[in-house]
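A short write-up of the structure that comes next.
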Amino acid sequence: MKVTFPHLGSMYIFCKAMAETAGIPYVLPRPTSNRTREIGEYNTNESVCLPLKIILGNFVEALEDGADTIVMVGSGPPCRLGLYDRIIKVVLNDMGYDFRWLTIPGIFNWQALLQNREETRVLRKELTPGNYFRFPWAMAMGWKKMMWCEHLERTAAEMRAIARHPADVDRLLAQGLHNIDQAAGVLSLSRAGKAAVASLKAIEKSDRLPLRVIMVGEVYTVMEPSINMDIERRLGHLGVIVHRSSYFSTHIRRGSRMDRTLLKDREKLLKMAGPYLNYDVGAECNFSVAEAVQAQQEGYDGVVHVYPFSCMPETNAAAVLSTVGEDLNIPVLPVVIDRQDMGLRIDTQLEAFVDVMMWRSQGRIA
Amino acid sequence: MASKSTEIFLGIDVGSVSVKMVALDTEALEMINFLYVRTHGDPFSSLRMVMKRLAENRPHPVVQAAATTGSGRTLAARLINTEIIKNEITTHTLAGVKIMPEVRTIVEIGGQDSKIIIIRDGMAVDFAMNTVCAAGTGSFLDQQSGRLEIAVEDMGNIALSSDNPATISGRCTVFAETDMVHKQQIGIPTNDIVAGLCRSLVRNYLASVAKGKAITAPVVFQGGVAANKGIVREFQEQTGFEFHVSPYYGVAGAYGAALLASMIKDKQPEFRGFELLDRQHDIKSFACRKCEEACSVLMLYRDGKLISFWNDRCGRYSSGELTFNS
Amino acid sequence: MKVGISRELLAVEWMPELIKRLGQLAPEIEWVHDPAAQIHPQLLLDGDACYPFKKMVRTSLSLLSEVEVLILPRIVSLDGFLMCPNFRALPDIVKINKERTERNRGVPLVSPVMEVSAQNHLEALSREVFKALFKNDARDHEPQLPDNKTEAKGLSGRDITNSIALIGHPYVLTDSRLNNDVPDILRINGFDTVTAQEIAFHQLTELAESRDYYAKKLYWRSARETLGAFLYFNEIQRPAGIIHLVPFNCGVDALLRIELMALHKRLNNATPYMVIICDEHTQRDHVVTRVEAFLDIVHGIKIN
């Protein structure tokens with residue numbers, strides 16, 4: 001068995017840690033590139049959401065590199081994410097690939113567990129008692145690494161906006177993530193994590209006042225730089241600190257229903273979006289709107305809304321957000337990610353957005 | 001023909017199909033020179049044309065500060081040696097507010113780009129650019145004028161002469177063209193077709209770029225397409241607002257850039273644009289292998305000497321930390 | 001009392017029955033489904049969703065000028081399966097637009113949540129709407145509802161070998177602006193049409209079940225209807241051909257197309273199948289060309 005998984009920001013570090021600690025052979029999918037996207041586009045159609053195309057591409061490339069077991073996180077209705085595994089399986093079968101599939105339930109219910117039993121029937125035979133024995137430890141290690149990665153990413157987002165040479169932050173972040181990935185034990189992990197954070201905090205700072213935005217939108221697009229055109233980094237270079245609530249750990253904690261405060265927070269957010277959306281539209285729609293309302297209350301300079309073209313819940317959120325922006329007088333920038341290579345266009349819009357925010361807060365342009 | 005050099009603020013807008021230049025005198029900020037020229041894609045020759053125009057006056061003007069804008073703004077800035085680089089949305093805002101301080105909406109349709117900018121109290125508060133696709137920018141009008149064998153400058157008057165614009169639809173320019181060809185083939189007069197094109201372009205603009213944005217008066221219309229009276233008529237009919245065509249509609253971005261240059265108080269590096277005329281400039285590139293990005297790092301050579309790097313994502317070459325050994 | 005429900009919603013399952021029920025409860029209701037004048041589209045915040053959605057928003061807003069109250073249910077699930085999430089946001093989008101304009105702000109919007117899979121749900125829903133419509137009305141008792149029998153649907157006994165089957169969302173198939181005039185073009189070419197809506201839903205969803213597994217049930221009602229119809233028209237009763245009408249940017253159909261295409265490849269001697277994308281940029285000649293070519297295949301034209 002050689003397992004593989006999709007790319008989602010620094011989630012690969014978590015997956016690698018789990019696989020390595022449990023002793024399960026794995027194939028890391030190649031970093032998402034234009035080829036990955038093309039594979040996805042070629043084998044689907046123009047109105048399929050970009051995350052599905054890219055995940056499909058990740059899996060194809062991993063299968064080409066020798067993987068035979070695909071692990072994917074499941075999700076629920078009403079948006080399309082819940083059918084990703086069904087459709088991707090159809091496409092991969094159509095393309096002639098041989099593989100096994102395991103869906104990690106996104107929401108733990110009986111149906112999901114039954115499906116899991118079915119899928120793991122074959123896979124379980126290939127695991128050794130050693131693998132099983134090490135599972136809890138693998139999860140702990142994976143979780144620890146993930147928390148360090150997220151802490152590092154948050155610190156990088158803060159420092160990038162005030163660094164004299166933002167490129168230094170990018171480099172230190174990449175290095176830090178690499179070191180965390182390579183750490184084999186708890187102590188070395190802790191050392192690597194602490195050193196990475198310290199190096200970030202020690203960089204030379206400029207004297208510019210950073211702007212603060214909150215990034216909202218479809219889950220995958222918010223978390224995966226290759227899908228959102230690395231927008232967090234681009235904004236950082238323009239002196240903007242990007243906050244987001246969407247991190248891998250948040251989704252795990254929510255899905256497992258173990259963290260009560262998180263669930264209560266979600267309820268609160270739904271209410272906040274209430275004046276605009278009276279019912280949960282699904283996925284992150286209401287939450288994108290609610291976080292924008294919250295951002296205005298908490299004094300953020302602006303809201304960046306990223307979502308893939310044709311995403312049903314977020315398209316509705318976008319329509320609502322333009323009203324929210326007007327009502328609450330907070331700048332909102334919608335960034336629709338579609339298939340074109342949009343680097344320069346995105347930069348132009350981000351620069352203009354920064355000007356708009358600076359005009360409002362400081363009465364001058366950058 | 002002044003006997004001493006004039007001091008100017010210079011704005012250069014390097015777009016995808018044209019380059020524009022505006023020179024303002026430093027005292028009254030009056031436009032004393034401007035240029036609008038088609039580029040056919042080569043930024044070097046277009047910048048040389050700009051500098052040639054400026055150099056026509058002897059002695060040539062002294063550039064106190066220069067700013068670049070447009071899709072080619074970074075390369076242009078390197079070539080002329082300025083650090084004032086600004087996106088087109090902000091430069092268009094500056095241009096619009098300057099000619100009409102009470103403006104509340106700027107509509108801009110250029111060669112391959114269209115924008116809408118919402119202004120309050122002289123500042124941009126909201127904007128949108130054409131994103132997914134645009135069945136309606138200047139390029140499309142150019143193409144079709146060529147196909148119909150009419151001069152693009154005449155399109156406006158030809159459109160105005162029709163009272164019965166043809167309905168031309170299509171999600172993208174290819175489909176719109178197919179529909180147009182079909183209308184020609186069944187015998188619909190050219191002026192109705194041209195008027196229909198204008199109607200379709202405006203409708204597409206309002207349905208995509210301007211979607212959801214409240215257009216309020218007064219409206220300033222900028223961009224090359226603003227010269228087209230048929231388009232102006234359609235906008236006024238479809239929105240109910242008067243569209244004030246900016247006197248600098250064709251060079252608004254460059255005008256805004258020049259205004260921006262006049263606003264920067266810091267000391268500026270030495271302007272080297274005129275060297276484009278008498279020195280050899282080359283751009284070479286190499287694929288950096290230091291990480292998986294594999295950027296095509298660009299290098300500018302002046303008279304054979306390597307003077308500048310850019311297009312490196314990590315910035316280590318541009319900042320001077322790394323260099324290239326051939 | 002003039003009450004509006006936009007025409008497009010009438011094609012949605014259970015909606016005509018709801019209207020019939022309400023008519024029984026309050027015979028004085030005068031229904032308005034088509035506005036006399038259309039609101040100008042530029043002013044609308046209707047998002048970038050599919051054309052059917054945008055049309056529903058526009059029709060609803062246009063109706064506001066001509067009715068005393070607008071009914072726009074929040075259709076969450078029908079027959080136990082979900083509707084596309086756009087339906088959940090539809091009343092809110094209309095409400096936001098309504099409040100941006102001065103004129104029709106006072107016209108109330110009645111948007112009960114609609115989750116109907118049985119007659120008693122429909123009865124409860126109709127009473128809820130009735131109460132919302134006549135809240136100031138002191139009526140002694142609500143009128144008793146007569147027993148409404150719904151006719152059974154089915155194609156048995158009908159020969160469809162010379163018909164073209166149309167599959168897709170019901171509100172697309174029945175609206176000439178949304179279906180790009182395809183039924184009309186087919187008629188001109190000598191073919192009549194049969195749609196997925198003429199088959200009982202429970203039969204279609206059972207057929208769709210053959211492709212479900214555990215947690216990966218295809219959870220959208222219209223997707224199950226379309227997939228079920230596709231299987232029906234291949235395995236149970238074969239028409240001359242199947243045309244799938246897909247609105248541009250429909251998320252549900254985007255995924256369904258992938259599944260249907262893969263299915264089609266695997267079927268032995270499959271019924272000829274074609275997808276036509278529909279959107280607001282109609283070009284009739286475009287569609288005519290495609291349909292004519294498809295019909296040539298259906299006729300079995302061979303190239304020598």
Side-chain angles (χ1 to χ4, degrees), chain A residues 30-33 46 163-171 174-175 178 230 233-234 237-238 302 309-310 318-323 325-326 329-340 342-366, chain B residues 16 69-74 84-94 97 112-113 115 117-134 171 208 211-214 253 256 259-260 263-265 290-294 311-322:
Chain A
R30 291 175 230 162
T32 305
S33 64
E46 71 281 353
R164 184 166 291 283
H165 303 291
D168 288 344
V169 172
D170 299 335
R171 201 166 26 91
Q175 218 162 14
H178 176 79
D230 218 356
R233 198 188 64 97
R234 287 181 204 258
H237 280 241
L238 293 170
F309 178 63
S310 83
V320 175
L321 276 172
S322 55
T323 301
E326 267 173 40
N329 195 19
I330 182 168
V332 175
L333 180 70
V335 182
V336 186
I337 310 284
D338 64 353
R339 44 177 296 224
Q340 268 109 1
M342 299 156 40
L344 180 64
R345 206 180 274 291
I346 280 234
D347 277 334
T348 304
Q349 293 197 296
L350 293 177
E351 286 170 29
F353 190 58
V354 168
D355 284 336
V356 166
M357 289 192 288
M358 288 205 100
W359 250 321
R360 280 181 84 240
S361 74
Q362 296 167 31
R364 59 181 194 86
I365 52 179
Chain B
S16 32
T69 186
S71 49
R73 56 189 179 274
T74 321
I84 314 174
I85 308 176
K86 188 43 86 175
N87 68 84
E88 316 72 285
I89 294 167
T90 306
T91 49
H92 272 270
T93 306
L94 292 170
V97 172
Q112 290 190 345
D113 246 303
K115 317 174 190 49
I117 312 173
I118 309 292
I119 318 266
R120 296 288 177 269
D121 299 322
M123 305 186 317
V125 298
D126 195 7
F127 64 88
M129 281 175 72
N130 57 326
T131 51
V132 180
C133 166
R171 180 165 285 279
S208 59
K211 164 117 284 200
K213 308 270 180 246
L259 287 171
L260 180 63
M263 286 161 34
I264 306 287
K265 300 297 171 218
K290 297 228 182 288
C291 78
E292 69 230 2
E293 275 302 316
N311 207 37
D312 48 334
R313 203 171 178 245
C314 66
R316 294 168 76 185
Y317 292 94
S318 325
S319 65
E321 183 198 328
L322 289 178

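The chains referred to below are lettered A, B, ... by the order of the sequence lines, with proteins before strands, and numbering in each begins at 1.
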Using a cut-off of under 4.5 Å for heavy-atom pairs, which of B:R120, B:R73, B:K115 has the most such pairs with chain A?
->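 If we count pairs closer than 4.5 Å to chain A, B:R73 comes out on top.
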Name the option with the most non-hydrogen atom pairs under 4.5 Å to chain A; the candidates are B:I89, B:D126, B:T90.
->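 The answer is B:T90.
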Quick one: are A:D355 and B:F127 in side-chain contact, heavy atoms under 4.5 Å?
->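 Not touching, per the 4.5 Å side-chain cut-off.
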Would you say A:T348 and B:E88 make side-chain contact, with heavy atoms under 4.5 Å?
->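 Side-chain contact under 4.5 Å: yes.
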Measure distances from B:T93 to the heavy atoms of chain A and classify the residue's part below 4.5 Å as side chain, backbone, both or neither.
->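 Only the side chain of B:T93 comes within 4.5 Å of chain A.
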Check whether A:L350 gets within reach of chain B through its side chain, its backbone, both or neither, counting any heavy atom under 4.5 Å.
->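 Neither part, no heavy atoms under 4.5 Å.
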From B:D121 atom CG to A:W359 atom CH2, the distance as rounded to the nearest 0.5 Å =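 Reported value, rounded in 0.5 Å steps: 12.0 Å.
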Could you give me the CA-CA distance, side-chain angles and deciding distance for A:R345 and B:D113, then say whether side chain to side chain contact (heavy atoms under 4.5 Å, CB included) is met?
-> CA-CA 10 Å; A:R345 206 180 274 291; B:D113 246 303; 3.2 Å; yes
Counting heavy-atom pairs under 4.5 Å to chain B, which of A:S33, A:P166, A:A174, A:A167 comes out on top?
->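 Counting heavy-atom pairs under 4.5 Å, the top option is A:A167.
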